[in-house]
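Single-structure report; data block below.
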Amino acid sequence: MSSIPFKTSYRVENIVATVILEHDLDLELIETRIPSITYKPDQFPGLIFRLDKPRATALVFKSGKMVVTGTKSTQQLVEAVKKIIKTFVKNGVNVHGRPRVQIQNIVAGGDIHAYVNLEKAAYHLEDSMYEPEQFPGLIHRMRDPRVVLLIFSSGKMVITGAKEEVEVERAVNNIARQLYKAGCIVGPRLGEEE
Amino acid sequence: KLRKWQARTRIITSVERNLAQAMNELDRLSDILNLPSYVKEEAARIYRNAVEKGIVRGRSIESIIAATIYLACREMKVPRSLDEITRHTRVNRKEIARCYRLLLRELRIKVATTDPVDYVPRIVHGLGLPGQAVKIAIEIINKAKEQGVTGGKDPAGLAAAAVYIAAEQLGEKRTQKEIAHVAGVTEVTVRNRYKELAKILGLEYE
DNA sequence: AGGTTACTTTGGAAAGC
DNA sequence: GCTTTAAAAAGTAACCT
């Protein structure tokens, strides 16, 4: 195995998922029954429902479809969906059938714990662009897994576009290996081991 | 057959009309920005390329031409910031930057990162500083590069701070506000870059 | 000078303009 | 294409004391 002389890590920060119910919803009714809701049809067709315990926000549409954002794990996501539906039912908004939940995008923070020479990386990595005038990070579109990484000189990064957590892990290890092979690793950070 | 011929004629004239309009805009911006003819020609070449690849669809000619000019300047290393170009357009910087990135992606063009050094002569002359300041500022920037403290930072801010130090060393101090103005960044950015540069140069400041 | 807040970039879905 | 949501990274900017 090709060992990389530094460790890598990542943490999921946000999951975007769609939830499909088996029937339509009356948004006006939900708005009148549940106080903490935002609903401005002129501005956006969905109503905005925020949850506290699993911190999450749902965009609810009259078609019975919703978008749930803000959770950091599948566990939290499932918990949030259950609570949203429970809240609807408690307030007299009937919901039937089993909801179909699908993760659409995972955003994660990553770290290779070593400084990166972005200028050199931009030259060696295909499908990447580094424009410090516009943004401090290097933008790289990885083909496998198909995700986008924002890489910073500190070695920290943002991975987005993944649909499964394993893709995030693979992406971080892939980029670490590529940067190392291309000689873009400047040195360890935080006086850590190697 | 006649109908097909007419359709083709319509398409050709529409493309030609688009090109003529685009070239007019290119002429206008090139004059205002005092661009060398070779930059203008490169911008025109990129634009025709973009039209052929269908990248222009759905976007304003003004945005694409501005992005094309910025790209040509980057390729030819003629220092013209996005803000400078945006200033003479009616569209906002965000849209032009978006078109610029689109051109880089779709035409698969690689452009070298802007070197802070390229901004130095303009800042020095804009402040009426002696030519000697250029050489000193460039040396400072190169040291910063060696120390690896330039990653992710705006080249204009780095150049501004280097010129600030160069002026100081030549006994021709300029305020950070003056330098920030000619460099197109804020005083806060000049100050932040200055602190970092002073540190790696072993200079004292307070 | 400093501190806060806010905006830049990336990805994805929803319904409608 | 736009609108709305959430979240991270690091830099720059705007506004206030």
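These values consider heavy atoms only, across backbone and side chains, with no hydrogens, waters or symmetry-generated copies. Labels below follow one simple rule: chain letters A, B, ... track the order of the sequence lines, proteins then strands, and each chain is numbered from 1.
- Across all strands shown, A/Ser154 has heavy atoms under 4.0 Å from sugar-phosphate atoms exclusively, and none from any base.
- Residue whose closest nucleotide on DNA chain D sits further toward the 5' end, between A/Gly137 and A/Ala56: A/Ala56.
- You'll find that the side chain of B/Val185 is closest to D/dA13, out of C/dA14, C/dT8, D/dA13.
- The pair B/Arg45-B/Glu42 meets the salt-bridge criterion, with a side-chain N (NZ, NE, NH1 or NH2) lying under 4.0 Å from an Asp/Glu carboxylate O.
- Here the nucleotide nearest the side chain of A/Leu59, chosen from C/dA14, D/dA7, D/dA6, is C/dA14.
- Looking at the side chain of A/Phe44, the nearest of the listed nucleotides D/dT4, D/dT5, D/dA13 is D/dT4.
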- Query: Please walk me through it: do A/Tyr123 and A/Asn117 pass side chain to side chain contact (heavy atoms under 4.5 Å, CB included)?
  - Reply: CA-CA 10 Å; A/Tyr123 180 76; A/Asn117 181 334; over 6 Å; no

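- For B/Gln176, taking side-chain heavy atoms from C-beta onward, the closest of the listed nucleotides C/dG16, C/dA1, D/dA7 is C/dA1.
- B/Arg74 contributes a side-chain N or O that, together with a main-chain N or O of B/Ala112, makes up a donor-acceptor pair within less than 3.5 Å.
- Rounded to whole Å, atom P of C/dG11 lies 21 Å from atom CD of A/Glu165.
- For DNA chain C, no neighbouring residue in residues 151-166 of chain B is found when judged by any heavy atom under 4.0 Å.
- Nucleic acid contact for A/Val148: sugar-phosphate only, since backbone atoms but no base atoms lie under 4.0 Å from a heavy atom of the residue.
- Within the nucleic acid shown, A/Arg55 comes within 4.0 Å of sugar-phosphate atoms alone, with no base atom in reach, counting heavy atoms only.
- Counting non-hydrogen atoms of neighbouring residues, nucleotides and ligands closer than 6.0 angstrom, the OH atom of A/Tyr180 reaches no more than 12 such neighbours.
- Along DNA chain D, the nucleotide closest to A/Leu150 and the one closest to A/Asn105 are compared, and the more 5′ of them pairs with A/Asn105.
- Under 4.0 angstrom from either OP1 or OP2 of C/dT10 there lies no side-chain N or O belonging to A/Arg146.
- Which of D/dG1, C/dT10, D/dA7 sits closest to the side chain of B/Arg59 comes down to D/dG1.
- Looking at heavy-atom distances under 4.0 Å, A/Lys40 makes no contact with the nucleic acid at all.
- One hydrophobic cluster, built from ILVMFWY side chains closer than 4.5 Å, cannot hold both A/Ile85 and A/Ile20; they sit in different ones.
- Listed nucleotides: C/dA1, C/dT9, D/dT5. Nearest to the side chain of A/Ile48: D/dT5.
- For the contact set between residues 14-21 of chain A and DNA chain C, defined by any heavy atom under 4.0 Å, the members are A/Val16, A/Thr18.
- Looking at heavy-atom distances under 4.0 Å, A/Ser63 makes contact with sugar-phosphate atoms alone, never a base.
- Listed nucleotides D/dT3, C/dG12, D/dG11 differ in distance to A/Pro136; the shortest reach to its side chain belongs to D/dG11.
- Within the structure, ring-ring contact (aromatic ring centres under 6.0 Å, His included) pairs that include any residue of residues 143-173 of chain B comprise B/Tyr164-B/Tyr194 (at least two apart or interchain).
- Taking only side-chain atoms of B/Lys94, from C-beta outward, the nucleotide of C/dT10, D/dA10, C/dT9 with the closest atom is C/dT9.
- Under the 4.5 Å side-chain contact rule for hydrophobic residues, B/Ile32 and B/Leu26 do not share a cluster.
- For A/Pro45, the listed nucleotide lying nearest its side chain is C/dA15; candidates were C/dG12, C/dA15, D/dA9.
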- Item | Working for salt bridge (Lys or Arg N to Asp or Glu O under 4.0 Å), residues A/Arg170 and A/Glu167 | CA-CA 5 Å; A/Arg170 277 212 296 141; A/Glu167 295 178 328; 5.6 Å; no

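- With a 6.0 Å radius and a threshold of 12 heavy atoms from other residues, nucleotides or ligands, B/Lys110 has its NZ atom above the threshold.
- In the set D/dA6, C/dA13, C/dA15, the nucleotide with an atom closest to the side chain of A/Thr57 is D/dA6.
- Among the protein residues, B/Arg57 comes within range of no part of the nucleic acid, since none of its heavy atoms lies under 4.0 Å from any strand.
- Salt bridge absent: A/Lys7 and A/Asp111 never bring a charged side-chain N and a carboxylate O closer than 4.0 Å.
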